[in-house]
S.K.: 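Have a look at this one.
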Protein chains: 2
Amino acid sequence: MARTKGSDSKLTELRIRKVALNLFSQYGYAAVSMRKIASKADLQVGALYLYTPNKQTLLFNLLKTHMDSLLKNWVVENIETAPDKRLKIFTKFHIRFHINRVEYVNISYNELKNLTEENFEHVNSLRSEYEKSLEEILTFGRDQGYFDIKDVKLTALAIIAMLNGVLKWYRTDGRLSLCDVEEIYSEMAYKSVMVVDN
Amino acid sequence: MARTKGSDSKLTELRIRKVALNLFSQYGYAAVSMRKIASKADLQVGALYLYTPNKQTLLFNLLKTHMDSLLKNWVVENIETAPDKRLKIFTKFHIRFHINRVEYVNISYNELKNLTEENFEHVNSLRSEYEKSLEEILTFGRDQGYFDIKDVKLTALAIIAMLNGVLKWYRTDGRLSLCDVEEIYSEMAYKSVMVVDN
DNA sequence: GTCTATATCCCGATAGAC
DNA sequence: GTCTATCGGGATATAGAC
């Protein structure tokens with residue numbers, strides 16, 4: 001063995017990321033010190049700076065990795081698909097993707113304000129891109145007469161907020177399976193915009 | 001004049017509360033120092049402690065005041081009212097009450113994790129009480145055959161999350177009036193739980 | 001009621017030994 | 001690659017003058 005236990009830098013880096021994500025999610029970026037991160041990652045604080053130039057970058061990389069992964073995994077559906085089907089695909093994808101990434105969801109919602117302006121612009125543009133893909137589905141559905149929507153932008157925000165609300169409280173050991181949750185909320189989302197007779 | 005300018009303690013207390021709310025909402029509790037609060041309230045830091053024993057109490061009082069006010073203003077509708085009408089009353093009330101209290105909404109969502117355990121229990125029980133009033137409406141509506149709901153608790157959370165998502169982005173100078181927003185989202189909320197033919 | 005000064009502690013980040 | 005020690009600063013909270 002050429003290396004002592006725990007000296008593999010790839011593993012250490014991963015451990016630091018994981019610990020930082022966990023602590024930022026639980027206590028908030030500003031309330032978590034580099035010393036605490038180091039301690040939880042079984043390091044001294046000096047060693048942290050071999051893996052990140054500063055605390056800000058640690059947060060930024062977590063957020064960027066998450067958004068990149070989200071956009072990479074979201075594959076726009078076939079152009080032929082009907083609007084209601086598209087919306088269902090989107091909502092189910094959104095839930096399935098995020099349900100096991102609750103810590104990322106937390107920091108994405110709460111810690112954008114702690115990014116530098118430059119980093120914020122970067123992450124926020126990725127988020128806008130994702131939101132826009134839902135807006136396109138809603139616009140398409142409205143134009144095709146499938147949906148009854150007064151304001152596409154606010155409706156998109158409302159749907160995403162609704163779905164995220166579920167993520168925040170869903171527990172895998174709860175009384176509902178992932179499939180149940182997907183089904184329930186994609187149904188609610190669809191119904192909330194569908195055309196109804198009056 | 002027996003008092004110098006700004007020495008009225010009631011006014012000073014109000015000013016401190018307002019400044020703290022504003023800063024906590026904007027930057028987060030942990031990122032705001034007592035020095036910053038004092039400075040924005042035109043005081044030196046020592047004077048702050050005449051009005052609050054510590055920073056934690058400042059946050060707790062803001063949250064408690066908000067929740068007390070919410071529960072006091074939410075008057076349960078007449079027992080005779082039909083479920084769909086009740087839900088509409090709730091959603092419109094929720095939006096109207098919160099729309100001008102966005103800073104309170106922010107800290108209610110983001111800063112609960114910064115409360116001591118005891119303070120958290122207190123605030124959280126008030127929040128549960130409010131959520132329960134929506135759950136009762138949903139349960140009532142389902143039992144009466146008005147609503148199609150698989151899980152009352154998660155549905156209540158989804159609806160509140162949806163409504164709060166709107167609050168976060170709504171601007172009074174935007175293209176939609178308060179009435180428009182109330183109407184759009186109470187409609188979406190209702191449709192998301194209503195019974196549909198398949 | 002407000003100020004200034006200070007006690008005590010923790011912060012992010014870096015230097016240099018091993 | 002990790003450690004210990006430390007710099008410079010800012011944190012909460014308190015003491016005591018006015």
Side-chain angles (χ1 to χ4, degrees), chain A residues 1-24 26-63 107 111 113-119, chain B residues 1-21 23-24 26-62 107 111 113-119:
Chain A
M1 265 224 273
R3 290 181 170 282
T4 54
K5 189 187 77 169
S7 65
D8 186 321
S9 85
K10 262 286 188 288
L11 281 180
T12 306
E13 188 179 0
L14 218 82
R15 214 167 66 241
I16 292 171
R17 283 179 56 91
K18 206 170 164 173
V19 165
L21 172 61
N22 178 254
L23 291 175
F24 289 164
Q26 193 169 356
Y27 302 107
Y29 174 79
V32 173
S33 68
M34 292 296 267
R35 279 170 174 80
K36 185 81 103 187
I37 295 170
S39 157
K40 267 249 201 176
D42 284 319
L43 291 170
Q44 292 304 311
V45 68
L48 267 192
Y49 288 87
L50 296 171
Y51 297 92
T52 181
N54 50 50
K55 191 182 168 189
Q56 166 75 199
T57 304
L58 212 44
L59 174 62
F60 174 68
N61 282 340
L62 286 170
L63 290 166
I107 63 170
E111 305 303 342
K113 61 177 175 288
N114 285 308
L115 289 175
T116 61
E117 199 179 315
E118 188 188 359
N119 286 343
Chain B
M1 267 225 272
R3 289 181 170 282
T4 54
K5 190 187 77 169
S7 66
D8 185 322
S9 87
K10 262 285 188 291
L11 282 180
T12 305
E13 188 179 0
L14 219 82
R15 216 168 62 241
I16 292 171
R17 284 178 56 90
K18 205 169 164 174
V19 165
L21 173 61
L23 291 175
F24 289 164
Q26 193 169 355
Y27 302 106
Y29 173 80
V32 173
S33 69
M34 293 296 266
R35 279 173 173 81
K36 186 79 105 186
I37 294 170
S39 156
K40 267 249 204 180
D42 284 320
L43 290 169
Q44 293 302 312
V45 69
L48 267 191
Y49 289 86
L50 295 172
Y51 298 92
T52 181
N54 49 50
K55 190 182 167 189
Q56 167 75 198
T57 304
L58 212 45
L59 174 63
F60 173 67
N61 282 339
L62 287 169
I107 63 170
E111 305 304 341
K113 60 176 175 287
N114 285 308
L115 290 175
T116 62
E117 198 179 317
E118 188 188 0
N119 287 341

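Letters go in sequence order (proteins before strands), and every chain restarts at 1.
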S.K.: Which angle, rounded to 10°, do you find between the first-five-pair axis and the last-five-pair axis of the helix from dG1(C)-dC18(D) to dC18(C)-dG1(D)?
M.R.: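 End-to-end axis angle for the helix from dG1(C)-dC18(D) to dC18(C)-dG1(D): 0°, rounded to 10°.
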S.K.: Using OP1 and OP2 only, check whether a side-chain N or O of Q44(A) sits under 4.0 Å from dT4(D).
M.R.: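 Looking at the OP1 and OP2 atoms of dT4(D), one of them is under 4.0 Å from a side-chain N or O of Q44(A).
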S.K.: Which atom pairs, donor and acceptor, lie under 3.5 Å between side-chain atoms of residues 37-47 of chain B and protein residues at least two apart or in another chain?
M.R.:
none

S.K.: Going by side-chain hydrogen bond (donor to acceptor under 3.5 Å, both in side chains), name the residues that satisfy it together with N114(B), two or more places apart in sequence or in a different chain.
M.R.: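 Once residues adjacent in sequence are excluded, the partners of N114(B) under the side-chain hydrogen bond (donor to acceptor under 3.5 Å, both in side chains) criterion are E111(B).
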S.K.: In whole angstrom, what separates E13(A)'s CD from dT2(D)'s C1'?
M.R.: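 Distance check: E13(A) CD to dT2(D) C1' gives 16 Å.
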S.K.: Could I get the full list of side-chain hydrogen bond (donor to acceptor under 3.5 Å, both in side chains) partners for Q56(A), not counting sequence neighbours?
M.R.: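 Only N119(A) meet the side-chain hydrogen bond (donor to acceptor under 3.5 Å, both in side chains) criterion with Q56(A).
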S.K.: Not counting sequence neighbours, which residues clear side chain to side chain contact (heavy atoms under 4.5 Å, CB included) with K18(B)? List them please.
M.R.: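 Scan of K18(B) (side chain to side chain contact (heavy atoms under 4.5 Å, CB included), adjacent residues dropped) gives none.
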S.K.: Side-chain N or O of Y51(B) versus OP1/OP2 of dT2(C): is the shortest distance under 4.0 Å?
M.R.: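 For dT2(C), OP1 or OP2 has a side-chain N or O of Y51(B) closer than 4.0 Å.
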S.K.: Not counting sequence neighbours, which residues clear side-chain hydrogen bond (donor to acceptor under 3.5 Å, both in side chains) with N54(B)? List them please.
M.R.: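 Once residues adjacent in sequence are excluded, the partners of N54(B) under the side-chain hydrogen bond (donor to acceptor under 3.5 Å, both in side chains) criterion are T57(B).
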S.K.: State whether T12(A) places a side-chain N or O below 4.0 Å from either non-bridging phosphate oxygen (OP1 or OP2) of dT2(D).
M.R.: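 Indeed, a polar side-chain atom of T12(A) lies that close.
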S.K.: Could you state the NZ-P distance from K10(A) to dG1(D), rounded to the nearest angstrom?
M.R.: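 Nearest whole value for this atom pair: 11 Å.
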S.K.: Short question: side chain of K55(A), backbone of V32(A) - any donor-acceptor pair under 3.5 Å?
M.R.: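 Side chain of K55(A) to backbone of V32(A), a donor-acceptor pair under 3.5 Å: yes, one is there.
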S.K.: Using heavy atoms to find the nearest nucleotide of DNA chain C for D42(B) and Q56(A) separately, return the residue whose nucleotide is more 5′.
M.R.: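 Closest to the 5' end, via its nearest nucleotide, is D42(B).
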S.K.: Could you tell me which non-hydrogen atom of L115(B) sits nearest to which non-hydrogen atom of F60(B), and how far apart they are?
M.R.: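 That closest heavy-atom pairing would be CD2-CA, 4.0 Å.
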S.K.: Measure the distance from CG on L23(A) to P on dC11(C) and round it to the nearest whole Å.
M.R.: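 Spelled out: CG on L23(A) to P on dC11(C) is 12 Å.
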S.K.: Among all residues two or more places apart in sequence or in another chain, which pass the side-chain hydrogen bond (donor to acceptor under 3.5 Å, both in side chains) test with S33(B)?
M.R.: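 Once residues adjacent in sequence are excluded, S33(B) has no partner under the side-chain hydrogen bond (donor to acceptor under 3.5 Å, both in side chains) criterion.
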S.K.: Is the phosphate of dT14(C) approached by Y49(A) (side-chain N or O, under 4.0 Å from OP1 or OP2)?
M.R.: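 Checking Y49(A) against dT14(C): no side-chain N or O falls below 4.0 Å of OP1 or OP2.
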S.K.: Provide, to the nearest angstrom, the distance between the CG atom belonging to N54(B) and the P atom belonging to dT8(C).
M.R.: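 It is 20 Å, rounded to the nearest whole Å.
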S.K.: Looking at residues 29-39 of chain A, who's got a heavy atom less than 4.0 Å off DNA chain C?
M.R.: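 Output list: V32(A), S33(A), M34(A), R35(A).
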S.K.: L43(B) has a side chain; which of dA13(C), dC3(C), dG1(C) sits nearest to it?
M.R.: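 Nearest to the side chain of L43(B) among the choices is dC3(C).
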S.K.: Please report the closest heavy-atom contact between K113(A) and Q26(B), naming both atoms and the distance.
M.R.: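 Residues K113(A) and Q26(B), closest heavy atoms: CD-O, 3.3 Å.
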